[in-house]
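The structure appears below as structure tokens.
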Amino acid sequence: MSKSITIALAGNPNSGKTTLFNAFTGARHSVGNWAGVTVERKEGKIEHNNEQINIVDLPGTYSLSPYSLEEVVARNYIVDESPDVVLNIVDASNIERNLYLSTQLIELGKPVVIALNMMDVAEKKGHKIDCKKLSELLGVPVVPVIAAQKKGIQELLNTILEVAKGKISCTPSDVDYGKEIEVKIKETIEVLKDNIHAHKFNLRWLALKVLEEDEVILKTIKVDLSKLQLQEQIAVTSEIALKDDLGSMIVSRKYTHIAKIISKAIKKPKVAGLSTSDKVDKILINRWLGLPIFAALMYMVFGFTFNIGNIFLDLIDGSFAALGEMVGASLEAAGTAEWLNSLIVDGIISGIGGVLTFVPNIAFLFIALGILEDSGYMARVAFIMDRAMRRVGLSGKAFIPMLMGFGCSVPAVMGTRTLEEESDRLTTILVTPFMSCGARLPIYILFAGVFFPGKEGVVVYSLYMLGILVAVLAALTFKKTLFKGEEVPFIMELPPYRMPTIRGTGLHVWEKVKGYILKAGTVIFAASLIIWFLLGFNLSGVSEMPQSIGASIGKVFAPIFTPLGFGNWQATLALITGLLAKEAVVSSMAVIYGLGETVGSAAVDGDVVGFISTLKTSGFTQLSAYAFMVFTLLYTPCIAVVAVIKRETNSWRWAGFSMVYQFVVAWVVALLVYQVGGLLGF
Amino acid sequence: MPLSMISNGQSVLLTDINWGPKLKKKLQDMGLTPGVEMIVISNDTNGSFILKVRDSRLVLGCSVTQQIMVQSIV
């Protein structure tokens, strides 16, 4: 077999780049970072017609300017690594803006293949696109695809292979920049011809970058613009003949070039009035209705998570109980030692079972959030929240990573990379863990189910809203004290509404759920084992639970929580294990309250969540249970989040700070809930 | 006049962007070049604007709309 072919996937945000990448690779890909920078790098390997193809997903960008990290990463990859083919995905329904990036990619001088995505959407809009003509005018192959339905993927791969092997030759057409600029380009090329650092670049592209005064490029080719002598001439010409700075003129001419191509290759009906998407927006992001609709949708999300999820909950719970019973009975029959029997049944099965029981709820939470995201609504939330966020000193864009925090704080913290201003990014990183993640949901479901039967939905909803409120207030405090900075201009594209596909959203949800289950098998497994040992033994050997090491540890720290209403060692110990992973609070409680007085004496007859009846009589009241939930919502993030904060801020100081200040905030808020609630007679 | 003064549904032509090179380039890359036609879809729904430009919808915060100079189409 010949050597593998590398293709780089480039495209605008919202052009369906991820969908196409997934259509190629399924869920088989590796995720990492681009060397030295915090930009995500995805790579996947596939085989087509007996050829190995390596697909590198470049960051989604609108351009290849030197001003953003993503854009520099994308263009450096194409220039330095020289992929065999640059695959440019273009949204057919938004072709004008998308082709802007295409012209830049083509100018880089590497073979480009264009995948014209969302042909169905464009057709529905009445756009008639002549792909052959478009390909002729651009000078590169154009393949129509519908990535969401996996249509056209085989044809696309065939074309890519043919281009990579040189069977299709591309003769890209140059953008006509007009006489004045073309003269400048020629002059600059003459100057650059002998530059030893310029060999890897396409000279015409390089000349354009020099004329645009692209700092990164000037540094790379070690050219000092003032010594180039060109500058003076440029300045004079541009002022007199071009009336605008050269950079702007170059952008304008590119768009003119694109407009010309479009007028020849595409027939668009004259649209009168607003599109359906615009009409929907009139309501969904209306000045008065926007926020209430968002609040109502969120209520529906959690209602959905709770009510539908719980239908399956009993089912899974029952099967774990049956499993525990079966394993317990067969172990007993096999004559295994009592302690081993208890370790497996009371430690492992009830610990992991306690967490896995909530898989349906987690799955439905991710389904609901996935639908909101894939439909394009999440981007609208940034718009709706912009006014509130601006009062806080952040732009609406900062709300998107915070919303991602409803799933898991780890990707949410990484999602802050889209924020341009460093102080905004730090603030958002520090407040995002207040947004209640999926791992905290089992705790609420457990406690709300036991102590607030019939009112679970409202209780859980109130916690999520409290999380948002605390996050926003914390952001306000940070912006007013630690990170005073200027307001960052808010610029964002609003993607059109799209119907989420079962495949797209499903893949998303499956990855998240798989992560949750894996965590149950690893971190939670380890935590359950540790808890079981801590509860069954003390320094002199096997002991009664109240005298065990675990109980002693809990008792040392329990007084801290006495003013909050849950100063018992069981809750304290569960909270400590929650630092490993928030689900561990539930698995630990399952082990603590599920175990009998001593190891081995646990009844094997109840169900796994049979510890619920013990939990009911464990001294929690409605008020202290609520204070406990508030505390788990807000307190110190789990180690995975602390690690990612360290990585993203590149400082242990911020990671340590977030651990301490979140604990303090959680303690104070839970104290207020418990004490004020007590005064009010709850 | 600045874009911030334009009311809903009006079409305008962009004349200039009063901003440093970084943001100016960013806006230009998203299609806001001199002479381009823009339609104001929503004006100040929440302090920010929604524009239709080159077939896409852009959200611009109020500080941005004050720096974009436009001219109405007669």
Side-chain angles (χ1 to χ4, degrees), chain A residues 12 14 61-68 71 91 93-98 100-101 125 212-213 243-245 247-249 251-252 254-256 258-259 268 274-275 277-278 281-282 285-287 290-291 379 382-388 390 395-396 420 487-496, chain B residues 2-4 6-71 73:
Chain A
N12 277 193
N14 303 317
T61 61
Y62 294 109
S63 167
L64 296 175
S65 74
Y67 297 116
S68 95
E71 300 183 17
D91 175 358
S93 62
N94 184 2
I95 197 160
E96 194 171 347
R97 228 266 326 288
N98 273 250
Y100 179 70
L101 178 68
K125 274 178 146 183
E212 283 177 318
E213 301 181 26
K243 283 190 292 191
D244 205 341
D245 63 291
S248 306
M249 281 314 286
V251 178
S252 280
K254 274 203 183 92
Y255 270 114
T256 315
I258 292 163
K268 285 186 200 177
L274 299 169
S275 71
S277 210
D278 291 332
D281 272 342
K282 281 259 174 248
I285 56 180
N286 179 281
R287 182 201 287 243
L291 264 177
F383 179 79
I384 293 167
M385 290 300 289
D386 184 55
R387 178 180 276 184
R390 226 160 358 98
S395 87
E420 293 93 355
E487 190 194 323
V488 178
F490 182 34
I491 305 168
M492 194 185 74
E493 191 193 1
L494 218 49
Chain B
L3 175 61
S4 55
I6 307 299
S7 48
N8 264 356
Q10 240 187 297
S11 296
V12 289
L13 294 180
L14 187 139
T15 54
D16 201 7
I17 300 170
N18 295 326
W19 223 320
K22 185 174 169 178
L23 271 155
K24 191 170 176 176
K25 182 76 175 22
K26 178 162 185 172
L27 289 169
Q28 287 174 343
D29 285 343
M30 294 181 96
L32 296 176
T33 56
V36 73
E37 184 181 342
M38 317 186 280
I39 302 170
V40 176
I41 292 200
S42 155
N43 138 351
D44 199 33
T45 322
N46 257 308
S48 24
F49 268 57
I50 301 177
L51 292 181
K52 178 180 171 184
V53 63
R54 299 190 191 276
D55 262 348
S56 66
R57 307 284 181 281
L58 291 184
V59 173
L60 300 177
C62 64
S63 58
V64 187
T65 55
Q66 283 159 11
Q67 305 304 326
I68 295 179
M69 294 300 141
V70 296
Q71 163 192 327
I73 298 175

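Bear in mind the structure is a predicted one, so any value in this text is a computation, not a measurement.
For B/Ser63 against A/Pro489, the heavy-atom pair with the smallest separation is OG-CA, 3.9 Å. Minimum interatomic distance between B/Phe49 and A/Phe383 (heavy atoms only, all atoms of both residues): O-CE1, 4.3 Å.
Using a 4.5 Å cut-off between heavy atoms, A/Lys268 touches chain B through its side chain atoms alone. In this structure, no portion of B/Leu51 lies under 4.5 Å from any heavy atom of chain A. Contacts of B/Lys22 with chain A are made by both backbone and side-chain atoms, with heavy-atom separations under 4.5 Å.
Here the straight-line distance linking atom CZ of A/Arg390 with atom SG of B/Cys62 works out to 4.0 Å at 0.5 Å rounding. Rounding to the nearest 0.5 Å places CG of B/Asp29 at 4.0 Å from OH of A/Tyr100. Considering CG of B/Leu58 and CZ of A/Arg97, their distance stands at 6.5 Å, rounded to 0.5 Å. Distance check, rounded to the nearest 0.5 Å: CD1 of A/Ile491 to CG of B/Leu23 gives 5.0 Å.
Counting heavy-atom pairs closer than 4.5 Å to chain B, the top residue among A/Asn12, A/Leu291, A/Val251, A/Asp281 is A/Val251. Among B/Val36, B/Val64, B/Ile17, the residue making the largest number of heavy-atom pairs under 4.5 Å with chain A is B/Val64.
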Full working for salt bridge (charged side-chain N to carboxylate O under 4.0 Å, His left out) between B/Lys52 and A/Asp278
CA-CA 10 Å; B/Lys52 178 180 171 184; A/Asp278 291 332; 5.6 Å; no
Pair A/Glu493-B/Met30, side-chain contact (heavy atoms from CB on, under 4.5 Å): steps then yes or no
CA-CA 9 Å; A/Glu493 191 193 1; B/Met30 294 181 96; 4.2 Å; yes
Go through the steps to decide whether B/Lys25 and A/Ser248 satisfy the test side-chain contact (heavy atoms from CB on, under 4.5 Å), and finish with yes or no.
CA-CA 8 Å; B/Lys25 182 76 175 22; A/Ser248 306; over 6 Å; no
Step by step, work out the side-chain contact (heavy atoms from CB on, under 4.5 Å) result for A/Asp386 and B/Val59.
CA-CA 10 Å; A/Asp386 184 55; B/Val59 173; over 6 Å; no
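Remark: the backbone N or O of B/Gly31 is paired with a side-chain donor or acceptor of A/Tyr255 at under 3.5 angstrom.
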